[in-house]
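Since the structure comes first, as structure tokens, the remarks are kept for the end.
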Amino acid sequence: MPDRFYQGAPAISAQERADRLAFLMLGEDDGAALKELHPLFVERREAFLDAFYGHLTSFPGTRSVLKDRATIERARSGQAMYMERMLLGRFDEDFFNLSIQVGLKHYEIGLEPKWVVAAWGVYLTYWTQVIVEHFHGDVVRAVRGLHAVHKAILLAVQLSVDAYYSKTLERIQAIVASQRAAILELSTPVIEIWQGILVLPLIGTIDSARTRQIMENLLNRVVETQSEIVILDLTGVSVVDTAVANHLMKTVEAAELLGARCILTGISPAIAQTLVHLGVDLGHITTSATLRIGLQQALRSQGVTLGRLEG
Amino acid sequence: MTDPAAITIDIVSEADVVTARMHGKEMARQMGFGMVDQTRIATGISELTRNILQYAGTGQLTLRPLSTLHHCGLEIVAQDQGPGIQHLGRLLSGRANSGRGLGLGIPGTRRLMDEFDIQSEVGHGTTVRCVKRLP
Amino acid sequence: MPRIPVLKIKDVLIVSLQVEMQDRLALELQDDILSTLSRTGARGLLLDVTSIDVVDSFLGRVIADTASMARLMGAETVLAGLQPAVAITLSELGLKLPQIRTALNLEKGLAMLETGKS
């Protein structure tokens, strides 16, 4: 339901747009100077685009991205449109969004920032020639035009690289998250050892961030398997600190809220001492020294008896 | 770039508590928080907005995604211009029973969040800012 | 605003809490439960919270109070179907529900109330 609040929302706030323009010292004077150059671009567009794409397709790095005529044509018309838009000299929300779209497009086709930045450099070289020729003699106007083009291009570079970078970051975060989930799954198997009985063998040193996730995983499994008894086995745990003990207690409480009962097993002398010294109240929780005894208790409470077959 | 935009919700009635936590949960989901964190966030919002209604009458809740290279999370700011809190220390320790309620709201919310900061001035109002970080 | 129905099966009242509980709705429900208990003399109260995705300290307290009141009127309360995320949040919040027994689902909850086992 709240979706409509987010769709089409500006990616960059009005305040941040103003800050970025101020930092670049890109102002209304520059806008006017660019507008003055607009007809100059329209006039030379085809010649320029020919030269520009000729340059791009003569290098293997960019040629591999611009692999066929259709791709080049799309890039070319997009580029012409964007350049014309830039030379309107209006750096409003629409221009920012457009520039971000350009960066996203680069990400999509795999055009890395190193090529994008250099290509804008080629652009700048071309414009310097055009402007110097056009205003020849009038140094003040030439410099004014060059400054404006320079800053506008830097803004375009900044925004498109930003977009590329944030997409990359997103992808890395997704990879990290999936790897973390995989590691978690590997390191904390929740075993349904009998109908209605889960065993979670905790192993190694458990820090509180990991404990938190282990416990979430466990409680989900309780509901999935509708298990009434959970055995938390601490046999493989060397150290229990306050934070971990606290998480254990929270898990026991949460499991009880779900309708399951916890049994803590494998409590070594060291852990027993720590828990008492920390003042952790295990009051009503069933505990036992070994997993074997805990399992027997669990089975008995489910009405299961095990015995050796006679004969 | 894909983060949802910040929103501010006026808290004037019970219905706004429900609206605020639905927004919070949805924003958390869009940002990639898991089910348990979504619930922690919605519950924290519920506690903070309820406190606004109970002690100040009206106020605002702002939800804002934080996303920088080193820090990713959801920021929740609850603000009111009410009477302020007199015994902040006692409240935070969970020892105070501030009128009705179990006095769990503030210390409980603090336990659900990763960052928690409360500023209150008697006679001028209270601002609570907390952040749940993306794991 | 519609009210949440209080159903009676044999000796047990069954109430299914809804997704977005507003405070007034929760308090009205408490009244409805207690008056139905008094009218019918039911011995058990089964609260189904399967579809509840947020329990804050207010709703938690209403549930705890309702259970205490029901006990005074001779009925045991069982809370059934709490979601894991909600259970974790409740325990972190520090909310205790001492008077209430819990069950993984409605069927188990009903069985607990019918046999009176603890």
Side-chain angles (χ1 to χ4, degrees), chain A residues 1-2 184 188 190 192 194-198 200 208-230 232 242-262 264 280-286 298 300-303, chain C residues 14 17-20 22 44-57 59-64 66-67 76-115 117-118:
Chain A
M1 155 239 157
L184 187 68
T188 58
V190 177
E192 189 176 15
W194 200 272
Q195 191 183 342
I197 304 174
L198 296 181
L200 175 68
S208 67
R210 199 163 80 94
T211 317
R212 209 174 232 212
Q213 280 179 294
I214 292 170
M215 298 315 171
E216 289 180 19
N217 185 23
L218 174 68
L219 294 174
N220 283 325
R221 292 280 290 150
V222 166
V223 171
E224 270 168 40
T225 60
Q226 296 284 298
S227 297
E228 282 173 344
I229 298 180
V230 175
L232 293 166
T242 323
V244 172
N246 202 18
H247 276 301
L248 282 175
M249 297 318 296
K250 294 275 178 238
T251 307
V252 170
E253 277 176 39
E256 284 174 356
L257 285 171
L258 294 178
R261 195 159 63 80
C262 289
L264 282 182
V280 178
D281 177 22
L282 292 171
H284 61 290
I285 302 167
T286 313
R300 203 177 307 129
S301 76
Q302 293 290 86
Chain C
I14 300 180
L17 272 62
Q18 287 171 3
V19 181
E20 285 300 340
Q22 286 198 23
L45 170 62
L46 184 53
L47 295 175
D48 167 32
V49 287
T50 314
S51 61
I52 290 283
D53 60 0
V54 175
V55 177
D56 61 4
S57 58
L59 184 56
R61 186 166 58 96
V62 173
I63 291 172
T66 307
E76 284 292 311
T77 301
V78 170
L79 194 69
L82 202 67
Q83 290 177 21
V86 178
I88 293 169
T89 306
L90 273 182
S91 70
E92 286 175 357
L93 206 54
L95 198 76
K96 304 253 189 299
L97 301 172
Q99 301 273 355
I100 302 185
R101 289 190 289 152
T102 51
L104 283 158
N105 55 44
L106 267 184
E107 205 179 332
K108 289 185 181 190
L110 200 56
M112 278 166 87
L113 287 169
E114 278 178 340
T115 59
K117 72 159 189 174
S118 59

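Proximity to chain A (any heavy atom under 4.5 Å) is shown, for C:Ile88, by both the backbone and the side chain. For A:Val222, the parts sitting under 4.5 Å from any heavy atom of chain C are the backbone and the side chain alike. Contact annotation for A:Thr251: neither backbone nor side-chain heavy atoms come within less than 4.5 Å of a heavy atom of chain C.
Between the CD atom of C:Gln83 and the CG atom of A:Asn220 there is a distance of 10.0 Å, given to the nearest 0.5 Å. Atoms CZ and CD, from C:Arg101 and A:Glu256 in turn, are 13.5 Å apart once rounded to the nearest 0.5 Å.
The number of heavy-atom neighbours closer than 6.0 Å to CD of A:Glu192, taken from other residues, nucleotides and ligands shown, is above 12. Residue-environment remark: CD (A:Gln195) stays at or below the threshold of 12 foreign heavy atoms within 6.0 Å.
The minimum heavy-atom distance between C:Ser91 and A:Ala254, with the atom names listed, is OG-CB, 4.0 Å. Residues A:Gln226 and C:Lys108 approach most closely at O-NZ, 3.1 Å, considering heavy atoms.
No donor-acceptor pair under 3.5 Å is formed between the side chain of C:Thr102 and the backbone N or O of A:Leu258. Between the side chain of A:Lys250 and the main chain of C:Leu90, no donor-acceptor pair closer than 3.5 Å is present.
Checking A:Leu257, A:Leu218, A:Val223, A:Asn217 one by one against C:Pro84, the side-chain contact (heavy atoms from CB on, under 4.5 Å) holds for a single residue, A:Val223.
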